[in-house]
Each structure stands twice: as C-alpha cells, then as structure tokens.
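Report on the structure given below.
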Amino acid sequence: MSKRIRLGILTPSSNTSLEPLSQAIIAQLPNVSVHFSRFTVLKISLEQDALQQFQNEAILTAAKLLADANVDIIGWSGTSSGWLGFPADKELCEIITAATGIPATTSVLALNKALKLVSATELGLVTPYMDNVQEAIIKTYQTIGVDCSKERHLQLSKNSSFADVEESTLDEMVADLAGRQVQVISTFCTNLRAAQRVEYWEKTHGITVLDTVNTVIWDMLLLCEIDPTAVQGWGRLFQLKG
C-alpha cells in the first residue's frame, strides 16, 4: 500500500475558492489528502495595512498548525509575492521549513518553475486586482525577464469579492488575451473560480493556462515525488514533470 501523503495549504481567511478547487483536483489521487490553515487577508492593495497582512509571523503561526497534522509539505496558495517581490516567497518558505522541518512552496514560485519548463518569456495576466497592484506584478515579472504587458484586471480590492467573478467574465478575459497571441496565460489569484475552466480554455484557444490554485498543488506533488500526470482534466500543467 502506498504511503499516504498529506498536503498542507495556507489559505487567505476570506478565500472561498481555493479549498473546494484543491479538494477536487486531488480527489483523483487516493493516497493524497489536503488540509488547510487560514490567516487574515481581507483586501488586496498596496496600502500599508493590506501589505501587513502578509507578514511572515502571521503566516508562520498558520503553518505551525499544519505541522501539527504531520503534513508532508506546506504550500502557500496565494499570489502576494507578485506585488511584494519573489524574494518574499523564498524567505517565507525558508522560515516555514526552519520552524517546522517541513518543505514549503508557493503558488508563485511554482508558477515561475512552470514558466521555465515551458520556456515562456511572456505571460498574459488575468487578475481581479486594482491598477497599481497589477502594475506592481508586471514590474516584478520584469525582474525575471517575463513580459506581462498583455493583461486584464477587474479593479477589485475586497478579497472575498474575487470569488464572485463569473465564469463568463473570466472566459472573455482569457479569450481576449489568447487573441493577442500571448505565449502563456495565468489566472493569477487563488480566490478566482478559474482552475476548473483551464482545460476548456486550453482546448478552445490552444494556449497553456497556468492557474495559481493549480500551480501550488502541482509543485507540492512533484516535491512529494507523486506523478502529477495522474491528475486529469485540470490542464496541461499536470503533464509537466519538473
């Protein structure tokens, strides 16, 4: 009998999308379970109180609760390093592992790993965020030579509202970017109900779509030495073996 693998996922407190999506993704893997721990995130903006939500201390407290469950890996299912800078996620993973002894990854670090694997230098961004947050993400991706100038965003800041964005809205945003011949598209927010549409978008537009709920689970599976190709119906990402 195969060893049971427990995935521990750090979740923004106001997020209602990533948990059901994550459960659905790993439902095909009989020896894998997924477990969640929340910390306070109410809005996404560049204001000081919003930035302070992502201080390592609060996230580490949530990570330690996952460690109580003897999870095999801890993943931050969030996109905050898009505007805070990628070193923020690298530092967070190091702090989590130092405190718990458990390896860690994040949605964004996993996305960047996937971009390297498909040799992408251009990423079309679909987000619910405000102008200045979107601009910050674009600048962050410039630091690793990835062009995100083809983008769409919805001017929202209340995190709980992101889950209310309709599939039809996301369909239109993805179709627009696909029509602009972008190399790869990312639905870059873990509170968008987007992961379940990835395979449809890829088949419709012939383009790889990297959703940030998907990316962290894909990387967690890889780091736990579980073949991600067993996950069917959630997009091309799971056919990649890092």
Side-chain angles (χ1 to χ4, degrees), residues 12 15-18 20-21 24-25 43-46 77-83 86 107-108 110-218 233-240:
N15 188 309
T16 55
S17 297
L18 79 83
L21 287 167
I25 293 162
K43 68 177 181 178
I44 302 300
S45 80
L46 300 186
S77 190
T79 52
S80 51
S81 72
W83 55 92
F86 302 137
S107 292
V108 173
L111 170 61
N112 295 351
K113 179 190 284 191
L115 290 173
K116 273 192 174 179
L117 285 174
V118 299
S119 302
T121 56
E122 185 183 36
L123 179 65
L125 280 181
V126 172
T127 85
Y129 304 135
M130 304 292 287
D131 286 346
N132 60 352
V133 174
Q134 194 82 343
E135 289 162 10
I137 297 167
I138 292 167
K139 286 181 181 174
T140 299
Y141 270 94
Q142 287 172 348
T143 67
I144 61 168
V146 174
D147 177 8
C148 294
S149 58
K150 294 174 183 174
E151 56 82 24
R152 290 285 304 276
H153 58 289
L154 294 171
Q155 295 281 23
L156 301 175
S157 62
K158 185 179 178 183
N159 198 61
S160 60
S161 70
F162 303 163
D164 297 326
V165 176
E166 297 288 345
E167 279 189 355
S168 57
T169 300
L170 295 173
D171 287 348
E172 186 275 322
M173 294 168 82
V174 169
D176 176 40
L177 293 184
R180 290 196 253 165
Q181 306 299 310
V182 72
Q183 230 179 330
V184 175
I185 292 171
S186 178
T187 39
F188 192 91
C189 170
T190 62
N191 202 20
L192 289 175
R193 290 179 296 112
Q196 79 285 356
R197 294 296 276 173
V198 166
E199 183 146 288
Y200 165 79
W201 292 328
E202 290 183 337
K203 286 178 177 175
T204 301
H205 304 295
I207 189 167
T208 298
V209 179
L210 301 174
D211 175 77
T212 48
V213 171
N214 284 345
T215 55
V216 71
I217 293 175
W218 165 77
W234 293 88
R236 298 174 186 173
L237 171 67
F238 291 97
Q239 302 307 306
L240 294 178

Pairs touching [range] that satisfy salt bridge (Lys or Arg N to Asp or Glu O under 4.0 Å), sequence neighbours left out:
| range | result |
| --- | --- |
| residues 183-196 | none |
| residues 135-150 | E122-K150 |
| residues 180-190 | D176-R180 |

[X]: which residues meet the side-chain hydrogen bond (donor to acceptor under 3.5 Å, both in side chains) condition with it, sequence neighbours left out?
| X | result |
| --- | --- |
| Q142 | none |
| T169 | none |
| D171 | R197, W201 |
| T208 | R236 |

Sequence-distant partners of [X], side chain to side chain contact (heavy atoms under 4.5 Å, CB included), two or more places apart:
| X | result |
| --- | --- |
| S160 | S14, K158 |
| A120 | L115, V118, Q183, V184 |
| T16 | A163, N191 |

### Task
Write out all pairs satisfying ring-ring contact (aromatic ring centres under 6.0 Å, His included) with one or both partners inside residues 143-197, taking only residues at least two apart or from two chains.
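Every pair satisfying ring-ring contact (aromatic ring centres under 6.0 Å, His included) with a residue in residues 143-197: Y129-F162.
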### Query
How would you list, by chain and number, every residue that makes a ring pair (Phe, Tyr, Trp, His ring centres under 6.0 Å) with Y141, sequence neighbours excluded?
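With sequence neighbours excluded, Y141 shows a ring pair (Phe, Tyr, Trp, His ring centres under 6.0 Å) to F86, given in chain and number order.
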### Query
Okay, side chain of W234, backbone of A195: is any donor-acceptor separation there less than 3.5 Å?
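Not confirmed, W234 side chain does not pair with A195 backbone.
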